[in-house]
Amino acid sequence: ISLSNFRSMLDISRSIPITQTPTGTAQLFSFISTDGKAQLSIPKDTKIEVDGQQVNSISIKISDNRILEETSVFHTVVPFGYVAYDIEPDKASIEPNIILTVNYDEGLMPQKFSEDYLRIATFDHTSNKWIVLPTTIDTERNTLTTNLTHFSHYTPVWSSVPAVIPLREGHLFSAMP
């Protein structure tokens with residue numbers, strides 16, 4: 001089996017239908033990724049549109065670290081974990097914001113790293129870079145929460161890092177370009 005075939009087997013997606021009225025979503029609902037670690041909370045009367053047309057379904061695709069490898073993420077932030085969440089449909093506008101909460105495993109954190117630097121980042125396809133979003137950190141529940149204005153790829157990251165980071169014993173990673 002090739003590496004690319006193995007990676008595509010890792011991609012897991014979940015879609016849900018949504019009902020919208022002229023004012024937006026018909027009810028408050030939450031949507032959880034198949035790994036149980038990402039949750040979208042969508043308030044009642046949220047308008048979700050693509051090119052002025054109401055959206056009738058939303059999906060969260062769990063992608064392996066391929067998007068992290070193929071982008072310049074390492075020049076500005078360091079990914080925490082090896083999963084990116086691709087929330088679709090692409091180019092959907094959202095009004096008002098919806099809430100994305102991602103659970104993290106502090107047991108995966110390298111020594112001397114603080115949870116205080118964890119953030120959620122979104123991928124900007126125009127600049128081909130990850131943009132760190134304002135994030136609320138709940139260290140008791142091990143969650144990161146941010147507001148979304150659009151759908152894209154999202155992943156947990158460390159936003160402030162030293163020039164050289166010990167990822168695991170005997171391995172170093174430079175965060176500088």
What distance separates Ile99 CD1 from Thr146 OG1, expressed to the nearest 0.5 Å?
9.5 Å

side-chain contact (heavy atoms from CB on, under 4.5 Å), paired with Phe151, selected from Ile98, Leu100, Val55
Ile98

Consider only side-chain N and O atoms of Thr23 and Asp45, and report whether a donor and an acceptor are under 3.5 Å apart.
yes

Counting distance only, does the side-chain N/O of Thr122 pair as donor-acceptor with the main-chain N or O of His153 below 3.5 Å?
yes

Looking only at atom types and distance, does a side-chain atom of Thr135 sit under 3.5 Å from a main-chain N or O of Arg119, one as donor and one as acceptor?
no

Is it true that a side-chain atom of Glu49 and a backbone atom of Ile94 form a donor plus acceptor pair closer than 3.5 Å?
no

Hey, quick one: are Ile131 and Leu148 part of the same hydrophobic cluster, counting side-chain heavy atoms closer than 4.5 Å, chains of contacts allowed?
no

As an exercise, state the distance from CG of Asp51 to NZ of Lys91, rounded to the nearest 0.5 Å.
7.5 Å

Going from NE2 on His150 to CG on Asp124, what distance comes out if it is rounded to the nearest 0.5 angstrom?
7.5 Å

Could you list the residues that satisfy side chain to side chain contact (heavy atoms under 4.5 Å, CB included) with Ser30, not counting sequence neighbours?
Gln39, Ser41

dist Ser59:OG -> Lys61:NZ (nearest 0.5 Å) comes out at 9.0 Å

Would you say Thr149 and Asn147 make side-chain contact, with heavy atoms under 4.5 Å?
no

Suppose the criterion is salt bridge (charged side-chain N to carboxylate O under 4.0 Å, His left out): which pairs have a residue in residues 34-44, not counting sequence neighbours?
none

Does a side-chain heavy-atom distance below 4.5 Å link Ile120 with Val157?
no

How long is the straight-line distance from OG of Ser33 back to OH of Tyr154, given to the nearest 0.5 Å?
14.5 Å

Working to the nearest 0.5 angstrom, can you tell me the gap between Thr155 OG1 and Trp130 CH2?
5.5 Å

From Asp86, Ile32, Thr34, Leu40, residue fulfilling side-chain contact (heavy atoms from CB on, under 4.5 Å) relative to Ile60:
Leu40

Using a 4.5 Å cut-off on heavy atoms from C-beta on, say whether the side chain of Ile87 contacts that of Phe31.
no

Residues Ile48, Gln20; criterion side chain to side chain contact (heavy atoms under 4.5 Å, CB included); working and verdict
CA-CA 8 Å; Ile48 305 172; Gln20 294 199 69; 4.0 Å; yes

Has Ser152 got a side-chain atom pairing as donor or acceptor with Phe123's backbone, closer than 3.5 angstrom?
yes

Please list all pairs passing the salt bridge (charged side-chain N to carboxylate O under 4.0 Å, His left out) test where one or both residues lie in residues 133-153, with sequence neighbours left out.
Asp138-Arg141

Should Trp158 and Val132 count as side-chain neighbours, where that means a heavy-atom distance under 4.5 Å?
no

Apply side-chain hydrogen bond (donor to acceptor under 3.5 Å, both in side chains) to Thr143 and Thr101, showing your working.
CA-CA 6 Å; Thr143 61; Thr101 301; over 6 Å; no

